[in-house]
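Atom set for the values below is all heavy atoms of this structure, side chains included, hydrogens, waters and symmetry mates excluded. Labels below follow one simple rule: chain letters A, B, ... track the order of the sequence lines, proteins then strands, and each chain is numbered from 1.
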Amino acid sequence: MRLAQLSKNQREVAEAVRIVPLKKRVSMIAGADVARNGKYLFGSMAVLSFPELLLLDESHAEQREPIPYVPGFLSYRELPVLAKAFSRLKKKPDLILVDGQGIAHPRRLGLASHLGVVLGVPTIGCAKSHLYGDYEMPEDARGSYTFLKSKNNRIGLVLRTRNNVKPLFISPGHLIDLDGCLCILLSVTPRYRIPEPIRQAHRMAGSRARSA
DNA sequence: GCGACAG
DNA sequence: ATCTTGTCGC
């Protein structure tokens, strides 16, 4: 599979991405993450109540890695195992927090956006580092943020979730907008740098990958 | 040609 | 992503 072909596919799928205000009231938020062990990928989803953040459900899946990691094409590697994990959830979340970018992507189709379109569920991309877009570093205090921009458009946020700790790169995935992301993020990040739903999914995927 | 480059 | 103990700071 050539990257030029995948790029074309990304541009097509990206046309289905909808950046609009959240519709439903949110009562369940899932975190999604993938861990690796050799040639296998382990995907986990943790569903937490909102705003209480208590674990309500979890699901897991594993599969051989489709393609190696290539910056800009992460979804073709991690989306399959996450979609499989999602199908195994008993409780379907109102929103999914994904470890990666949303529309803050060269072709507006980061993992969170791609997963959102495929599942038809609202998603937010929560990346630990920068991939795409221009920005200024936000102040050091938790809650401080600046905008991620592309051609004079605001495509995401660079948000400090803890004092004096590297900021997160947040961008809408699908069926949500910037205000929605901002409204949700700090509430799901009460103690650590990483949003609680993603932290839990990260630990689940990691432990399963290690014991395989 | 050079630098940047989610996980 | 992953390899990994102690250590600095609130």
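- Residue A:His105 is in base contact, counting any heavy-atom pair closer than 4.0 Å across all strands shown.
- Residue A:Val34 is the one, among A:Val34 and A:Asn164, whose nearest nucleotide of DNA chain C lies closer to the 5' end (criterion: closest heavy atom).
- At whole-Å resolution of the value, NZ in A:Lys166 and C1' in B:dG7 are 13 Å apart.
- The aromatic rings of A:Phe169 and A:Tyr135 sit perpendicular to each other, their planes meeting at more than 60°, with 30° as the lower class boundary.
- A tilted orientation is assigned to the rings of A:Tyr76 and A:Phe73, their planes being inclined by 30° to 60°.
- Distance A:Asp134 CG to B:dG3 P: 19 Å, rounded to the nearest Å.
- A:Gly72 comes within contact range of at least one nucleobase, with a heavy-atom separation under 4.0 Å.
- In this structure, A:Leu131 atom CG and B:dG3 atom P are separated by 19 Å, rounded to whole Å.
- In this structure, the CG atom of A:Leu111 is 13 Å from the P atom of C:dA1, given to the nearest Å.
- In this model, the phosphate group of B:dA6 is not approached by any side-chain N or O of A:Tyr132 to a distance below 4.0 Å at OP1 or OP2.
- Residue-environment remark: CD (A:Glu139) stays at or below the threshold of 12 foreign heavy atoms within 6.0 Å.
- Note on A:Ala35: only backbone sugar-phosphate atoms sit closer than 4.0 angstrom, heavy atoms only; bases stay farther off.
- Summarising the geometry, the separation between CD1 on A:Ile194 and C1' on B:dA6 is reported as 12 Å, rounded to the nearest angstrom.
- Straight-line distance from the CZ atom of A:Arg107 to the C1' atom of B:dC5: 12 Å, rounded to whole Å.
- Backbone-only contact: A:His202 has heavy atoms under 4.0 Å from sugar-phosphate atoms and none from a base.
- Among the atoms of the strands shown, none is found under 4.0 Å from any heavy atom of A:Phe42.
- To the nearest angstrom, C1' of C:dA1 lies 18 Å from CZ of A:Arg208.
- Comparing A:Asn37 and A:Asn163 against DNA chain C, the residue whose closest nucleotide sits nearer the 5' end is A:Asn37.
- Cluster annotation: A:Leu111 and A:Leu119 are assigned to the same hydrophobic cluster (Ile/Leu/Val/Met/Phe/Trp/Tyr, side-chain heavy-atom contacts under 4.5 Å, transitive).
- In this entry the distance linking CD of A:Gln101 with C1' of B:dA6 reads 5 Å, nearest Å.
- At B:dG7, one or more side-chain N or O atoms of A:Ser129 fall inside 4.0 Å of OP1 or OP2 (strictly under the cut-off).
- For the OP1/OP2 pair of B:dG7 and a distance below 4.0 Å, the side-chain nitrogens and oxygens of A:Lys128 include at least one atom meeting the criterion.
- Looking only at distances, no side-chain donor or acceptor of A:Asp33 sits under 3.5 Å from a matching main-chain atom of A:Ala201.
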